[in-house]
Amino acid sequence: MSEYQYYEFQAIDRPLTKDELERVRALSSRARISATHFVNEYHYGSFRGDERKLMEQVYDAHLYFANWGSRRLMLRLPTALLPARRAEPYCSEDALTCWSRKGHLLLDFSYQAEEDGEWDFSTSFTLASFTALRTELAAGDLRPLYLAWLSALTRWELEEDVDEDEYTHAVEPPVPAGLARLTGPQQALADFLHVDPHLLTAAARASGAAPSQAIDKDALANWIRALPPHEKDTLLLDAALGTAPQPGPALLARHRAASHGTAGPSTATRPRSAAELLDAAYEVRTEHTRQQEQARTPARTQARRAEQRARESHLDRLSENTQQAWQDIAHLIGQKQPGPYDTAVTLLKDLREIHDRAGTPEEFTRRLDDLREQHRGKPSLMRRLTDAGLTAR
């Protein structure tokens, strides 16, 4: 069984320099490489580079996955937009780690498949599904970080050597607003990290509605107009030279914070313990199962009624000429083969039901006794008749 590994890197805030590009090209002779992108697939080998160093030095986003289920997403953004102190409460060794390097915060989302787990050939991703998470995080939306913490809790619950007291003492990080209605990239991340949907529903109960991301152009223009001239000059110069990240996300984040806040953590309720969240997820899962069963009941009832109508129609047709049915049974038995024996037994059961409906069970019993007496030398047939309850008086 062959291995499959996928590596993708993207430079978002600035393209790679000529020297950086040459250094990256030296890592792979078959990868598709440009000043902003690196993509390669491996079937019997691995990437020779160091993903962590490449992210620290040149790239802003990285995606990795393998067909045995291991997954990794790395994002880099300026600490001015998201300082490490805001991300650290959500970190967990199993799902999210973060560190700062040269004015950037690096976020490492990961999922490791269980040992001896089934290989996953059907799942594939592209980095484009996740790059918008950088913009959301830069604007103060911490839902991607909370999703990583839920992913860690999902896996923690499956561990067999965890003391229940640990769940009681472990407390959730600040709950961001908008968990009940994730964005497309956030839902992709939840799927990527295998977040339990029932746990997410339970967690969302303590999450308020996300503030609107609509931009009031007039208000934004007035806010930019009020910025110090030297700050605007610096932003424009950096943007023109490509020496700093594009100023758009940072400016929007500052504007939102100054005007109506961000989709930040909720402080309305006390933090819940891991045990409380897992109990709530169990209740959500149980209710979901009950609703599914309830929804299936009408369909099952309708199917049973349709089956009964078909059965009645079949018996009605058969009752129109029972003599022919008895002749068919004799012909089937005469073939002395297992398949025809089984068909003959089915016909006999139908005839028994027809005679019961007609109020003539004695007639059926008499003819069955005659048939058993006539073919008592056929042990295979006799066994089938007995198993079907078609016994003599």
Side-chain angles (χ1 to χ4, degrees), residues 12 60-61 63 71-79 81-92 94-98 105-111 125 127-156 171-215 249-250 252-257 260-272 274 276-277 280-281 284:
I12 299 173
D60 300 303
L63 173 67
R71 304 172 180 186
R72 187 181 195 185
L73 171 70
M74 299 177 70
L75 301 174
R76 183 183 75 158
L77 62 163
T79 52
L81 301 180
L82 181 62
R85 59 180 172 76
R86 295 198 69 195
E88 286 169 351
Y90 301 91
C91 289
S92 170
D94 293 334
L96 174 65
T97 56
C98 71
L105 175 68
L106 290 104
L107 300 168
D108 189 347
F109 301 86
S110 63
Y111 177 87
F125 307 91
L127 192 51
S129 302
F130 304 106
T131 50
L133 294 171
R134 292 182 73 251
T135 303
E136 295 173 351
L137 289 164
D141 188 343
L142 302 186
R143 283 178 285 181
L145 306 184
Y146 189 87
L147 290 173
W149 184 83
L150 285 183
S151 173
L153 182 56
T154 299
R155 282 171 269 176
W156 192 24
V171 177
E172 70 178 332
V175 182
L179 284 176
R181 191 170 183 177
L182 301 178
T183 65
Q186 290 166 7
Q187 185 58 60
L189 180 65
D191 296 339
F192 185 77
L193 296 176
H194 285 277
V195 175
D196 178 359
H198 303 108
L199 182 59
L200 176 58
T201 299
R205 291 173 176 172
S207 174
S212 172
Q213 297 299 303
I215 299 174
L252 286 175
R254 290 173 55 188
H255 171 61
R256 290 193 177 104
H260 54 70
T262 65
S266 170
T267 57
T269 58
R270 68 170 180 82
R272 296 162 292 185
E276 290 174 315
L277 274 170
V284 171

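Quantities reported herein were computed from a predicted structural model and do not represent experimental measurements. Along the sequence shown, residues carry numbers from 1.
- For Phe192, the ring pair (Phe, Tyr, Trp, His ring centres under 6.0 Å) partners at least two apart in sequence or on another chain are Phe125, Phe130.
- Contacts classified as salt bridge (charged side-chain N to carboxylate O under 4.0 Å, His left out) and involving residues 177-189 (residues at least two apart or in different chains) are not found.
- Closest of all the heavy-atom pairs between Ser92 and Ala152 is OG-CB, 3.2 Å.
- Inter-residue side-chain proximity for Leu81 and Arg134 is flagged as unmet; no heavy-atom pair is nearer than 4.5 Å.
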Stepwise side-chain contact (heavy atoms from CB on, under 4.5 Å) test for Leu145 and Arg86: CA-CA 10 Å; Leu145 306 184; Arg86 295 198 69 195; over 6 Å; no
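- Between the CG atom of Asp60 and the CG atom of Leu77 there is a distance of 8.5 Å, given to the nearest 0.5 Å.
- Here the side chains of Leu96 and Trp149 are not in contact, with every heavy-atom distance at 4.5 Å or above.
- Every residue was checked against the side-chain contact (heavy atoms from CB on, under 4.5 Å) condition with Pro197, not counting sequence neighbours, and none meets it.
- The minimum heavy-atom distance between Arg270 and Glu276, with the atom names listed, is NH2-OE2, 2.7 Å.
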Residues Leu147, Phe109; criterion side-chain contact (heavy atoms from CB on, under 4.5 Å); working and verdict: CA-CA 10 Å; Leu147 290 173; Phe109 301 86; over 6 Å; no
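- Applying the side-chain contact (heavy atoms from CB on, under 4.5 Å) rule to Thr183 yields the partners Glu136, Arg143, Pro185, Gln186; only residues at least two apart in sequence or on another chain are considered.
- Contact detail for Gly178 and Ser207: the closest heavy-atom pair is N-OG, 3.0 Å.
- Proximity of Asp108 to Arg72: side-chain heavy atoms (C-beta onward) are separated by under 4.5 Å at one or more points.
- Between Leu277 and Ala202 the shortest heavy-atom distance is O-CB, 4.2 Å.
- Annotation: side-chain contact (heavy atoms from CB on, under 4.5 Å) contacts of Thr131 (sequence neighbours excluded): Gln10, Ile12, Ala61, Leu127.
- Considering CZ of Arg71 and CG of Leu63, their distance stands at 10.0 Å, rounded to 0.5 Å.
- Residues Leu200 and Leu182 have side chains in contact (heavy-atom distance under 4.5 Å, counting atoms from C-beta outward).
- With a 4.5 Å cut-off on side-chain heavy atoms, Leu82 and Leu142 count as touching.
- Rounding to the nearest 0.5 Å gives a distance of 10.0 Å between OG of Ser110 and CG of Leu73.
- With a 4.5 Å cut-off on side-chain heavy atoms, Pro174 and Tyr90 count as touching.
- Applying the side-chain contact (heavy atoms from CB on, under 4.5 Å) test to Ala274 and every residue at least two apart in sequence or in another chain returns Leu153, Trp156, Tyr167, Ala170.
- Legend: salt bridge (charged side-chain N to carboxylate O under 4.0 Å, His left out) pairs involving residues 187-202, not counting sequence neighbours, sorted by first then second residue: Asp196-Arg285.
- Looking at heavy atoms from C-beta onward, Leu107 lies out of side-chain contact with Leu133 at the 4.5 angstrom threshold.
- With sequence neighbours excluded, no residue satisfies salt bridge (charged side-chain N to carboxylate O under 4.0 Å, His left out) with Arg155.
- By the salt bridge (charged side-chain N to carboxylate O under 4.0 Å, His left out) test, Glu88 pairs with no residue at all, sequence neighbours left out.
- Scanning all heavy atoms of the two residues, the minimum distance from Leu150 to Leu199 falls at O-CD2, 3.7 Å.
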